Amino acid sequence: MQQVIDLETYPIDQPETADYADLVEDCRTTLQADGAFNLPGFLQETARAALVDTLTPLFRDAAFTHARSHNIYFKPAIEGLAPDHPALAQNTTINHTLCADQLTDTALGALYHWPPFARFLADIMGQDRLYPMSDPLAAVNAMAYHAGEALNWHFDRSEFTTTLLLQSPRGGGAFEYVKDLRSDDDPNYEGVARLLTGALKPSILPVSAGTINVFKGRNTAHRVSPVTGSTARMIAVFSYFYRPNVQFSEQERLGFYGRSS
Ligand SMILES: [Fe+2]
């Protein structure tokens, strides 16, 4: 794994050391304060370049093109909101997705199933352990966004999301967010409407290729702005849960991946 991860800077394979404890503490503090943390250069540059080389033809020949119009809630209607309420504005998300079963033999599949990685994230989250998904498609994904393509405004369903940026585009592709735009008690539809109409300006989180980002997005609205230029934005997403054997429904697999197995 040393060829893949910069274990000198990020000694996640040595949980008994003081350096490990310091790293976990730094990540936890930043996550609490900012709702996210970055580990720049986590992926070794040679491994990053090799992954991009491996994935580029797979994206071209074997990826599912995920394109859908959706509102920020990914729901057709919200009780108490008129259908034309600006918080329900429709936006388009387009990307090209490779599923877990297509990444098994890559460094991404190896990292996802490498126990120290899940343990490191569990320690940051204050959990005894984290569980990989048992879903054959969803566990680890890679997405490519070409010119004009974007991941549009949404809130996450999971407690936290772990991503690894593999390639930055020439332009666009910025991670934009509004921290705690809503809370578990207050949906703040007016604030959501202000964001979607442009009255509320989001923050931008700079992320460089090779960086691991961990983000709490349940109440933080976020999007990736449309990519410009001929270099695709490529990113991997690792999904871990607090309980074992989490799977998507067949319906969800069809919606996200165009196939159920
Ligand atoms: Fe998200």
Side-chain angles (χ1 to χ4, degrees), residues 27 30-32 34-39 63-75 78 87-100 108 112 121 124-125 130 132-133 135 137-145 149-169 172-184 187-188 191-192 195-196 200 202-207 209 211-227 232-242 246 248-249 252-253 255-257:
C27 292
T30 308
L31 185 61
Q32 259 163 18
D34 303 343
F37 68 83
N38 277 338
L39 300 178
F64 174 65
T65 300
H66 174 99
R68 68 162 86 173
S69 174
H70 60 91
N71 60 38
I72 196 168
Y73 305 106
F74 275 95
K75 285 182 183 162
I78 295 285
L88 293 178
Q90 293 283 314
N91 281 303
T92 303
T93 281
I94 303 180
N95 67 48
H96 308 272
T97 302
L98 294 168
C99 300
L108 297 177
Y112 182 70
L121 295 171
I124 293 166
M125 298 300 157
L130 289 173
M133 290 182 88
D135 193 290
L137 305 186
V140 52
N141 290 168
M143 278 88 162
Y145 298 83
E149 299 175 347
L151 168 62
N152 233 308
W153 289 110
H154 66 284
F155 298 100
D156 289 344
R157 288 183 305 173
S158 54
E159 289 293 332
F160 71 98
T161 304
T162 307
T163 59
L164 176 57
L165 188 65
L166 303 174
Q167 179 169 273
S168 297
F175 189 87
E176 302 182 347
Y177 66 101
V178 179
K179 185 172 185 287
D180 298 331
L181 182 60
R182 67 178 186 184
S183 69
D184 289 345
N188 187 19
V192 171
L195 171 66
L196 299 179
L200 174 61
S203 306
I204 294 179
L205 182 71
V207 182
T211 296
I212 281 273
N213 173 266
V214 174
F215 175 72
K216 285 193 163 179
R218 268 166 49 87
N219 290 319
T220 289
H222 54 287
R223 76 163 184 169
V224 176
S225 64
V227 164
R233 178 179 190 266
M234 283 185 201
I235 193 159
V237 181
F238 304 92
S239 298
Y240 294 101
F241 285 83
Y242 293 175
V246 173
F248 275 179
S249 67
E252 287 170 321
R253 282 201 285 268
F256 284 112
Y257 309 126

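Note that this is a predicted model, so its numbers are computed, not measured. For ligands, and for the atoms within them, numbers begin at 1 and follow the listed sequence.
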Can a donor-acceptor pair be found between the side chains of Thr97 and Asn95 at a distance below 3.5 Å?
-> yes
Within less than 2.8 Å of the Fe ion (ligand 1): protein N, O or S atom count = 3
How far apart are the C-alpha atoms of His96 and His66, what are their side-chain angles, what is the distance that settles it, and do they pass the ring pair (Phe, Tyr, Trp, His ring centres under 6.0 Å) test?
-> CA-CA 6 Å; His96 308 272; His66 174 99; over 10 Å; no
Check each of Phe238, Phe175, Phe160 against Phe215 using the ring pair (Phe, Tyr, Trp, His ring centres under 6.0 Å) test, and report the only one that passes.
-> Phe175
Tell me, please, which residues at least two apart from Arg182 pass salt bridge (Lys or Arg N to Asp or Glu O under 4.0 Å).
-> none
side-chain contact (heavy atoms from CB on, under 4.5 Å) with Val224: of Leu151, Asn152, Val207, only one passes, and it is Leu151
Show your reasoning for whether side chain to side chain donor-acceptor pair (under 3.5 Å) applies to His154 and Asn91.
-> CA-CA 10 Å; His154 66 284; Asn91 281 303; over 6 Å; no
